[in-house]
Amino acid sequence: MKKIRVTIPKYMGDILKYDAVEFGVSKNYLLNYLVKNYSLLKGKNIPVFEGEKEIVQFNLNKENEDFYTEVYNRSEFETEASLIRTLIYGYISQSKVIRERFIFEKLIGKIERGIKDKKKIKIKFETAEKIVSPYNILYSSMEVSNYLFCYSEEDEIYRNYRLCNIKYVYILDEKRYPGDREYLGKVRGDFDPFLSYGMPVVIRLSDKGQEKYDRIKTNRPKLIEKLDDRWVVEGSEEKIKRYFAYFMSDVEILFPLSLREWFSAEAKKMVEMYG
C-alpha cells in the first residue's frame with residue numbers, strides 16, 4: 001500500500017479535518033476520493049502562501065494505486081506532492097455546500113432518481129431508517145449544509161434531513177406522497193432548514209439583543225413585524241432555541257407559552273448551577 005506524504009498550508013489541512021468530522025468520513029477516505037476524482041480537481045492553481053504549514057499523510061487504497069501512478073506519469077507535475085496539493089486546493093477552494101455535494105455525489109444521484117421518478121425512498125442512518133417521499137435537495141441561504149426535503153407519512157409531517165447523516169438510499173417501487181403544491185413551492189423558493197413557515201414567535205429584545213439580531217445571520221428567524229417593544233418573528237421551536245439561547249438575558253420570549261417555559265426552565269437551571 002503506497003503511502004503519500006505532502007506538506008500543505010495549515011488552512012487547507014484545517015478544512016480537510018473539519019470536513020472529515022462534519023461529513024462523517026475518515027481523512028484517508030476523503031483524500032483517496034480526491035485522487036479518484038482527479039479530472040474534476042486538477043485545474044486549480046494554488047496561490048502562493050507563506051503562512052504556517054503542516055504535513056498530511058494517507059495511504060492510497062488498492063483501487064487508486066494503479067490509477068494514481070498512471071495519472072502522475074501522464075501529468076505535468078514535477079513531484080507527487082505538487083499533484084496532491086493541487087487536488088486538495090481544487091477541493092477546498094469550493095464552498096462547503098459544493099464540497100458536501102461532491103463527496104456525496106452517488107447518494108445524491110439515487111435521491112434525484114427517486115425525485116425524478118416520483119418514487120418513495122428508504123433512507124438509512126447510522127442506527128435507524130425511514131421511508132419518505134423525496135421532493136428536493138436544498139441548502140440554507142447561508143450555505144451551511146445540504147438537506148433532503150421530504151414527507152414522512154408515518155409521522156405525518158414534512159421533514160429535512162442533513163445529507164451527510166444519510167448513509168444509504170434505496171429507491172422503492174411505490175409512488176411518493178404528492179404533497180401540497182403551494183407548500184412545496186414555498187419551501188423551494190425560500191428554504192428554511194427548520195421549516196418555520198407560519199410559526200409566529202413574539203419576543204422582546206434589549207438594545208444589545210437587537211445588535212446581536214442584526215449581527216448574527218446564521219439561522220436568524222425572519223422578522224414579520226414590530227409592535228412597540230415587541231417583535232414578531234417566524235421560527236420553529238428548534239430554530240428559536242438554537243438561535244436565541246446565545247442571547248441570554250437580552251431576549252425575552254413572550255409567545256408561545258411552551259417556548260417561554262422552556263427558556264424559563266433553562267434559566268433556572270443556570271441559576272442553580274451558578275448560584
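Computation of the quantities below employed the complete heavy-atom set of this structure, encompassing side-chain atoms and omitting hydrogens, waters and symmetry-equivalent molecules. Note that the structure is a prediction, hence the values are computed from the model and not measured.
- Salt bridge status for R242 with E238: present, with a side-chain N to carboxylate O gap under 4.0 Å.
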task = Assess whether side-chain contact (heavy atoms from CB on, under 4.5 Å) is satisfied between N136 and V187, documenting all intermediate values.
result = CA-CA 9 Å; N136 300 99; V187 174; 5.9 Å; no
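- Under the 4.5 Å side-chain criterion, counting only non-hydrogen atoms from C-beta, Y139 is not in contact with E100.
- N219 places no side-chain N or O within 3.5 Å of a backbone atom of Y243 that could act as its donor or acceptor partner.
- Listed for the R176 side chain is a donor-acceptor partner under 3.5 Å among the backbone atoms of P134.
- I253 has its side chain within reach of I240: a pair of non-hydrogen atoms, C-beta onward, lies under 4.5 Å apart.
- Residue pairs satisfying the side-chain hydrogen bond (donor to acceptor under 3.5 Å, both in side chains) criterion with at least one member in residues 223-236, sequence neighbours excluded, are listed as follows: R204-D229.
- A distance of 11.0 Å separates NZ of K2 from CG of N59, quoted to the nearest 0.5 Å.
- For an aromatic pair to be called close, the ring centres must be under 6.0 Å apart, and F191 with F149 fails this.
- Here the shortest heavy-atom pairing between G235 and V201 reads O-CG2, 3.5 Å.
- Between the side chain of N160 and the backbone N or O of Y147, no donor-acceptor pair lies under 3.5 Å.
- One finds the CD1 atom of I15 at 11.0 Å from the CD1 atom of I88 (value rounded to the nearest 0.5 Å).
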inquiry  = Quick one, V132 with I121, criterion side-chain contact (heavy atoms from CB on, under 4.5 Å). Give me CA distance, side-chain angles, the key distance, then yes/no.
reply    = CA-CA 6 Å; V132 299; I121 60 174; 3.8 Å; yes
For residues 209-217, which side-chain N or O atoms pair as donor and acceptor with protein atoms under 3.5 Å away, sequence neighbours left out?
{"residue": "K212", "atom": "NZ", "partner": "D250", "partner atom": "OD2", "Å": "2.9"}
{"residue": "Y213", "atom": "OH", "partner": "P221", "partner atom": "O", "Å": "2.6"}
{"residue": "Y213", "atom": "OH", "partner": "L223", "partner atom": "N", "Å": "3.3"}

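- In terms of modelled atom types and a separation under 3.5 Å, the side chain of S264 and the main chain of R260 share no donor-acceptor contact.
- Remark: aromatic rings of Y161 and F125 are close, center separation under 6.0 Å.
- When side chains are defined from C-beta on, L205 counts as touching F244, because their heavy atoms get closer than 4.5 Å.
- Counting heavy atoms from C-beta outward, L16 and M12 have side chains that stay 4.5 Å or more apart.
- Donor-acceptor pairing under 3.5 Å is lacking for the side chains of Y158 and D180.
- Think of I157 as one node in a network of Ile, Leu, Val, Met, Phe, Trp and Tyr side chains linked at under 4.5 Å; it has no links at all.
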ask   = Can you check side-chain contact (heavy atoms from CB on, under 4.5 Å) on F23 and L30, steps first, answer last?
value = CA-CA 10 Å; F23 301 155; L30 178 56; 5.7 Å; no
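- Y197 places a side-chain N or O within 3.5 Å of a backbone atom of D190 that can act as its donor or acceptor partner.
- No side-chain heavy atom of E112 sits under 4.5 Å from any side-chain heavy atom of K116.
- Using modelled atom types, one side-chain atom of K96 and one backbone atom of V144 make a donor-acceptor pair closer than 3.5 Å.
- The CZ atom of F255 sits 13.5 Å away from atom CD1 of I203, with the distance rounded to the nearest 0.5 Å.
- The shortest distance between side-chain heavy atoms of E22 and S145 falls below 4.5 Å.
- Applying the 6.0 Å contact sphere to NZ of K167 captures more than 12 heavy atoms from other residues, nucleotides or ligands.
- Atom CG of D66 sits in a sparse spot, with 12 or fewer heavy atoms from other residues, nucleotides or ligands closer than 6.0 Å.
- Heavy atoms of other residues, nucleotides or ligands lying less than 6.0 angstrom from NZ of K17 number more than 12.
- Put simply, Y33 and I8 are part of the same group of oily side chains (I, L, V, M, F, W, Y) that touch within less than 4.5 Å, one to the next.
- Cluster annotation: I103 and L40 are assigned to the same hydrophobic cluster (Ile/Leu/Val/Met/Phe/Trp/Tyr, side-chain heavy-atom contacts under 4.5 Å, transitive).
- The pair K10-D14 meets the salt-bridge criterion, since a charged nitrogen lies less than 4.0 angstrom from a carboxylate oxygen.
- Interatomic distance, OH of Y246 versus CE of M248, reported as 10.0 Å (0.5 Å rounding).
- Scored by the side-chain contact (heavy atoms from CB on, under 4.5 Å) test, E153 finds K120, S133, Y151, Y177 as partners (sequence neighbours excluded).
- E154 contributes no side-chain N or O that, together with a main-chain N or O of K130, makes up a donor-acceptor pair within less than 3.5 Å.
- Between K222 and D192 there is no salt bridge, since no side-chain N of the basic residue sits under 4.0 Å from a carboxylate O of the acidic one.
- A donor-acceptor distance shorter than 3.5 angstrom exists from the side chain of Y72 to the backbone of E78, with no hydrogens or angles considered.
- With contacts defined as side-chain heavy-atom distances shorter than 4.5 Å, the pair F58/I84 qualifies.
- Atom-to-atom distance recorded for F263:CZ and K241:NZ is 8.0 Å, nearest 0.5 angstrom.
- Within 6.0 Å of NZ in K36 there are 12 or fewer heavy atoms belonging to other residues, nucleotides or ligands.
- The backbone N or O of Q94 lies less than 3.5 Å from a partner atom in the side chain of R99, making a donor-acceptor pair.
- Linking Ile, Leu, Val, Met, Phe, Trp and Tyr residues whenever their side-chain heavy atoms come within less than 4.5 Å leaves Y135 and I131 in two separate clusters.
- Other members of the cluster containing M199 do not exist, because no ILVMFWY side chain is joined to it at under 4.5 Å.
- Put simply, CZ on R159 and CG on L148 are 12.0 Å apart, with the number rounded to the nearest 0.5 Å.
- By the side-chain contact (heavy atoms from CB on, under 4.5 Å) test, Q57 pairs with K3, R5, I55, sequence neighbours left out.
- Closest non-hydrogen pair, T86 versus S82, comes out as OG1-O, 2.9 Å.
- Exactly one of V35, V6, I92 qualifies for a side chain to side chain contact (heavy atoms under 4.5 Å, CB included) with L87. That residue is V35.
- F67 places none of its side-chain heavy atoms less than 4.5 Å from the side chain of L60.
- Environment of NZ in K122: sparse, with no more than 12 heavy atoms of neighbouring residues, nucleotides or ligands closer than 6.0 Å.
- Cluster membership for I171 and F104, using ILVMFWY side-chain heavy atoms within less than 4.5 angstrom, is shared.
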key: Residue pair I108, N146: steps toward the side-chain contact (heavy atoms from CB on, under 4.5 Å) verdict   = CA-CA 10 Å; I108 289 173; N146 291 282; 5.9 Å; no
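- No path of Ile, Leu, Val, Met, Phe, Trp and Tyr side chains, each step under 4.5 Å between heavy atoms, connects Y91 with Y18, placing them in separate hydrophobic clusters.
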